[in-house]
Amino acid sequence: MLQNRALTPAPTPIHAPGRAFLAIPGPSPVPDSVLRAMHRPAPDIYGGELLERTADVFARLKALAGCSGNLAGYIGNGHAVWEASTSNIFSPGDLALVPVSGHFGRSWAGIVRAMGVEVEEMQCGLAPCDPQALADRLARDTEGRIKAVLVTQIDTQSSVRNDIAALRGAIGNHPALLVVDAIASFGCEPMQMDDWGVDVMLAASQKGLMTPPGMAFLWFRDGIEQGSLVTPYWNWDSRSVAAEPWQYWGGTPPVQLVFALDEALRLIEEETPAGVYARHEALARAVWAAFDAWGQGTGIHMLIADPAARARSVTAAHLPGAARLRDWTRDRANLTLGVALAAERPEDGLRVAHMGHVSAHAMLGTLAVMEAGMRALDIPHGSGGTEAAIAEIARSLGA
Ligand SMILES: *Cc1c(COP(=O)(O)O)cnc(C)c1O
């Protein structure tokens, strides 16, 4: 017996008990208290507590967006509100201008086009939309054909960040609506719809809002004339002013998710939105510091060179051997990193999410495990990445 055991090869070491950590840009980690808030039977969906909760959650979502206008909720994901917004805004043959800074801008453009809207893509490369280029394009639109400019605040594939206020400034007096996909940034970065002049904004529950997938939202200002593509289910009017909980959702409400979001918003309010944004900023800078150090003399680099143009909720990087590293961190350390989307060599790219319910220890652990994996797999990398991240966290937290 003893002899047999000695002959058994040693198992592959796995340091993975405890909780798995998902560092992918959606769905993001769900706080325990949010999970617990869902653990309850459904109440009456025709009034009472659920009506109160829903109205309250909607009001707080508007406050967080700096929106004095309206909010419509949908049972769906980000793709649902791409379709919902298109349906409410456009008529067949309208022209939409879509600045494209990555895969998500391109996908959005594809959906709008498939719904019968003419789409012109403005290719921005791996960079934010240049406000001057937008102003120039709109100046050439002397017939006022461009109905709306559709832009991502963050393109989650490239991790480009657009300056929404600057783009509004570029639109100037042109009547085009400014429609912002904030799916990967809402709850992670500031959004001031009224102040910035955003006409329509999109977000979903499973990213900065720290709630399971299943709810998506459209904020829209008063006075937008609906297009003829609108259908009863997607119509934002019937959802934004409701007398009964089911009317908010065009049918059965996502009951437990409403309670989950109520708790997630409480967490954001407790930390304060400014605190949440500052935390995302600090964690992003820690991740960038690690990549900068790893990149010394190797092929590792972040896709977006200019820090001002980088998302605060996700970092996309070129990292030769990334696919092996992702397998290693997942199988050995219970850490899942994001895949490179739409990359020429997806095996050499990855994304690290720092989105939503993420702490300094979670992020330092993520970076340290990545560095351990690069060491174990002989992936060339500059030294001192984790130390650089530690220094960044120490600096931001202070004494
Ligand atoms: C995640 C994401 C989407 C798509 O959301 P799904 O919930 O996957 O449908 C759209 N736009 C952006 C910017 C995103 O980050």
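When a residue number appears, it is its place in the shown sequence, counting from 1. Indexing begins at 1, ligand by ligand and atom by atom, following the structure's order.
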Visitor: If you count the atoms of ligand 1 from 1 in the order shown, which ones are under 4.0 Å from a heavy atom of Asn77?
Guide: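 Contacts of ligand 1 toward Asn77, numbered from 1: 6 (P), 7 (O), 9 (O).
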Visitor: Would Gln206 count as being in polar contact with ligand 1, using the rule that some N or O on each side must be under 3.5 angstrom apart?
Guide: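 Yes, at least one N or O pair falls under 3.5 Å.
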Visitor: Go through the structure and list residues passing salt bridge (charged side-chain N to carboxylate O under 4.0 Å, His left out) with Arg345, not counting sequence neighbours.
Guide: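 Salt bridge (charged side-chain N to carboxylate O under 4.0 Å, His left out) check on Arg345 returns Glu347, Asp348.
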Visitor: Identify, for atom 13 (C) of ligand 1, the protein heavy atom at the shortest distance, and state residue, atom and that distance.
Guide: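 The closest heavy atom on the protein side is Thr156 OG1, 3.3 Å.
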Visitor: Is it true that Glu281 and Arg285 have a side-chain N and a carboxylate O under 4.0 angstrom from each other?
Guide: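 Result for this pair is yes, salt bridge flagged.
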Visitor: I want to check a possible cation-pi pair here: Arg239 against Tyr233, using under 6.0 Å from ring centre and within 45° of the ring axis as the test.
Guide: yes
Visitor: Counting heavy atoms only, which part of Asp181 comes closer than 4.0 Å to ligand 1: side chain, backbone, both or neither?
Guide: side chain
Visitor: Would the Trp249 and Tyr74 ring centres measure less than 6.0 Å apart?
Guide: no
Visitor: Is the NZ or CZ atom of Arg312 both under 6.0 Å from the centre of the six-membered ring of Tyr277 and within 45° of that ring's axis?
Guide: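 So Arg312 doesn't make the cation-pi contact.
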Visitor: Identify whether the distance between the nearest side-chain nitrogen and carboxylate oxygen of Asp56 and Arg60 falls below 4.0 Å.
Guide: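 Salt bridge flag = yes for Arg60 with Asp56.
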Visitor: Which residue and non-hydrogen atom of the protein lie closest to atom 8 (O) of ligand 1, and at what distance in Å?
Guide: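 Answer, as residue, atom name and distance: His79 ND1, 3.9 Å.
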Visitor: Looking only at N/O atoms, are Gly78 and ligand 1 under 3.5 Å apart anywhere?
Guide: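 Between Gly78 and ligand 1, an N or O pair is found under 3.5 Å apart.
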Visitor: I'd like to know if Glu392 pairs up with Arg395 as an ion pair, taking the criterion as any Lys NZ or Arg NE/NH1/NH2 lying under 4.0 Å from an Asp or Glu carboxylate oxygen.
Guide: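 A salt bridge links Glu392 with Arg395.
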Visitor: Of the side chain and backbone of Ile154, name the one, both, or neither that has a heavy atom under 4.0 Å from an atom of ligand 1.
Guide: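 Under 4.0 Å from ligand 1, Ile154 contributes backbone atoms alone.
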Visitor: Tell me the contacting part of Trp82 for ligand 1: side chain, backbone, both, or neither, using a 4.0 Å heavy-atom threshold, strictly below.
Guide: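 It is the side chain that touches ligand 1; the backbone stays farther off.
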Visitor: Can you tell me which residue and heavy atom of the protein come closest to atom 1 (C) of ligand 1, and the distance to 0.1 Å?
Guide: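 The closest heavy atom on the protein side is Lys207 NZ, 1.4 Å.
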